[in-house]
Amino acid sequence: MKIAVVPGDGIGQEVVPATLPALTMLSEAFGLDITYDVFDWGADQWLATGTGLPPGATDRLSRDYGAVYLGALGDPRIPDMAHGRDILLGLRRGLDLYVNHRPVVLEHGVIDLYRENTQGLYSGVGGSISRSGAVTVAIDECLYTRETVEGFVRYCLGRLREAGRRKVTLVHKSNAVPNTGRLWQDVFRRELEAFPELVGSEEYVDSFCYNLVRDPTPYEGVLASNLFGDIISDIGAALMGGLGLASSASICPETRFALFEPVHGSAPDIAGKGTANPYAAAMSLVMMFDHFGHGAAADLLRACVRKTAGSEAATPDLGGAGSTRGFMDNVMTLLGHELSARAGTAVARGPLTAGER
Ligand code: NAD
Ligand code: IPM
Ligand code: MN
């Protein structure tokens with residue numbers, strides 16, 4: 001399988017390259033045959049050529065690649081983020097990656113936050129009217145189709161059931177935004193009927209945020225529309241200990257094509273310093289291994305990244321004095337030890353028996 005690697009802007013250009021050797025090492029060690037090509041889509045290219053996501057890119061990606069691994073987009077030279085919307089939202093929409101899984105990993109357990117990723121207030125429908133250079137009317141439509149909400153809810157409930165989760169919360173704002181709110185509630189209630197293992201509840205997004213910050217422990221699965229999910233994922237990252245820790249997978253349930261990226265942005269305040277935490281990026285690779293059924297590679301990388309976060313190599317956001325490179329060097333050392341210990345065991349005990357194979 002081939003991965004399209006898009007480091008993007010700011011710290012994306014630091015955390016993504018730093019994590020690629022781990023991807024290669026694990027691919028080789030587990031015989032996964034994963035290779036990658038790097039694409040320089042981002043602010044520099046946009047400013048130099050006016051190209052964001054090149055024409056035909058999503059067709060090419062879905063034909064020749066199985067996944068995208070993306071760092072972040074965002075550059076102070078492009079304050080309206082036009083290139084970021086073109087590339088990032090272009091990939092999400094163009095590849096129909098309408099399920100965004102952003103797990104909130106806490107001490108007591110994991111909250112599986114699922115965010116709809118292509119519609120809602122991100123539908124791109126809208127416009128504005130200006131008078132004498134000042135915007136007088138501005139419209140961003142919140143658009144949802146039943147097909148997308150159904151596909152999203154059904155897929156997420158299935159994933160939650162597979163993961164052995166018992167509770168699922170729909171986050172909405174149907175008191176103030178009744179049309180899309182009602183659609184979401186109706187779909188959620190109907191789809192839940194096919195999942196008797198799951199107990200559903202519904203919460204207004206404002207009180208949900210309040211409750212989540214005060215006590216996240218009751219939540220297991222959370223389903224949210226696009227903008228609500230975006231905001232909740234940053235609250236989740238804060239609960240985890242910072243944006244340097246939160247990873248995500250954007251998935252098309254029909255094709256299985258997926259895009260893996262940290263939840264954080266390009267962090268211009270620390271870009272270029274070499275101190276960005278690569279944890280979230282590396283954990284996005286963990287999500288990629290898991291998504292494609294390479295659980296052993298995922299478990300090993302997860303363990304080594306977690307161990308590094310608690311070591312001297314931890315980056316400043318975690319209270320350490322480490323660097324992006326130093327963090328991943330430590331991960332590589334741990335991976336190397338673990339893989340050679342395993343290889344040693346395999347040699348010492350001889351070839352696998354027919355049954356073991
Ligand atoms: P941000 O996530 O880039 O940064 C928020 C804060 O978290 C900053 O203080 C930053 O230093 C810190 N932080 C983020 N990632 C970190 C890491 N790996 N290690 C240590 N600290 C980290 O959000 P922002 O500052 O609001 O946005 C910056 C730019 O990124 C904007 O242009 C925004 O549009 C864009 N953005 C892009 C994405 C994406 O590509 N998916 C996501 C969010 C924001
Ligand atoms: C994210 C980001 C993006 C989003 C922006 C940069 C368009 O905040 O991936 O969380 O809103 O989805
Ligand atoms: Mn966000």
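Read the numbers this way: they start at 1 and go in the same order the structure lists the ligands and their atoms.
- Atoms of ligand 1 lying under 4.0 Å from at least one heavy atom of G265, given by number and element, are 1 (P), 2 (O), 3 (O), 30 (O), 36 (N), 37 (C), 38 (C), 42 (C), 43 (C), 44 (C).
- Counting only heavy atoms of the protein, atom 16 (C) of ligand 1 lies nearest to I11 CD1, 3.8 Å.
- Heavy atoms of T315 found under 4.0 angstrom from ligand 1: none, in either backbone or side chain.
- Atom 8 (C) of ligand 1 is approached by the protein to below 4.0 angstrom, counting heavy atoms only.
- The shortest N/O to N/O separation between S233 and ligand 2 does not fall below 3.5 Å.
- Residues L170 and L160 are members of one and the same hydrophobic cluster, defined by side-chain heavy-atom contacts under 4.5 angstrom among Ile, Leu, Val, Met, Phe, Trp and Tyr.
- Within the listing of ligand 1, atoms 8 (C), 9 (O), 10 (C), 11 (O) sit less than 4.0 angstrom from a heavy atom of D269.
- The closest side-chain heavy-atom distance from V286 to F260 is not below 4.5 Å.
- Counting only heavy atoms from C-beta outward, the side chains of E220 and I111 never approach each other to under 4.5 Å.
- Taking atom 5 (C) of ligand 2 as the reference point, the nearest protein heavy-atom neighbour is L88 CD2, 4.4 Å.
- D230 OD1, 4.0 Å is the protein heavy atom nearest to atom 2 (C) of ligand 2.
- For ligand 1, the atoms lying closer than 4.0 Å to a non-hydrogen atom of L88 are 39 (C), 40 (O), 41 (N).
- The closest approach between any non-hydrogen atom of I78 and ligand 1 is not below 4.0 Å.
- Using a 4.0 Å cutoff on heavy atoms, V15 does not count as a contact of ligand 1.
- Taking the six-membered ring for Trp, H294 and F30 have ring centres at least 6.0 Å apart.
- Short contacts between ligand 1 and E261, defined as distances under 4.0 Å to a heavy atom of the residue, involve ligand atoms 41 (N).
- Annotation: W184 is not in aromatic contact with F228 [ring centroid separation under 6.0 Å not met].
- Counting the atoms of ligand 1 from 1 in the order shown, those under 4.0 Å from a heavy atom of L243 are 2 (O), 5 (C), 7 (O), 14 (C).
- A donor-acceptor contact shorter than 3.5 Å is absent between the side chain of S174 and the backbone of G181.
- Under the 4.0 angstrom criterion, atom 21 (N) of ligand 1 counts as having a protein heavy-atom contact.
- Atom 7 (C) of ligand 2 has as its closest protein heavy atom L89 CD2, 4.2 Å.
- The distance from ligand 1 to the heavy atoms of A72 drops below 4.0 Å at these ligand atoms: 40 (O).
- By the rule that hydrophobic residues join a cluster once side-chain heavy atoms approach within less than 4.5 Å of another member, V263 and M81 end up as members of separate clusters.
- Annotation: the span from S62 atom OG to Y65 atom OH amounts to 11.5 Å, rounded to 0.5 Å.
- In this structure, F208 has its ring center under 6.0 Å from that of Y219.
- Contacts between P268 and ligand 1 below 4.0 angstrom, taking non-hydrogen atoms only, involve the side chain exclusively.
- Near G74, with a cut-off below 4.0 Å to any heavy atom, the atoms of ligand 1 are 32 (O).
- Distances between N or O atoms of G244 and those of ligand 1 include no value under 3.5 Å.
- Nearest protein neighbour of atom 1 (C) of ligand 2, counting heavy atoms only, is R102 NH2, 3.5 Å.
- Among the atoms of D230, an N, O or S atom is found under 2.8 Å from the Mn ion (ligand 3).
- Of the listed residues (R85, R92, M81), the one carrying the non-hydrogen atom nearest atom 3 (C) of ligand 2 is R92.
- Remark: ligand 1 atoms within the under-4.0 Å shell around heavy atoms of V263 are 42 (C).
- Judged by a 6.0 Å distance limit and a 45° cone about the ring axis, R115 is positioned over the six-membered ring of Y122.
- The presence of a protein heavy atom under 4.0 Å from atom 27 (O) of ligand 1 is ruled out.
- Only the side chain of M81 comes within 4.0 Å of ligand 1, counting heavy atoms alone; its backbone N, CA, C and O stay farther away.
- Contact analysis puts S266 in contact with ligand 1, with a non-hydrogen atom separation below 4.0 angstrom.
- L301 places a side-chain heavy atom less than 4.5 Å from the side chain of L335.
- What sits closest to atom 11 (O) of ligand 2 on the protein, heavy atoms only, is Y122 OH, 2.6 Å.
- The pair R159-D112 fails the salt-bridge criterion, with no side-chain N (NZ, NE, NH1 or NH2) lying under 4.0 Å from an Asp/Glu carboxylate O.
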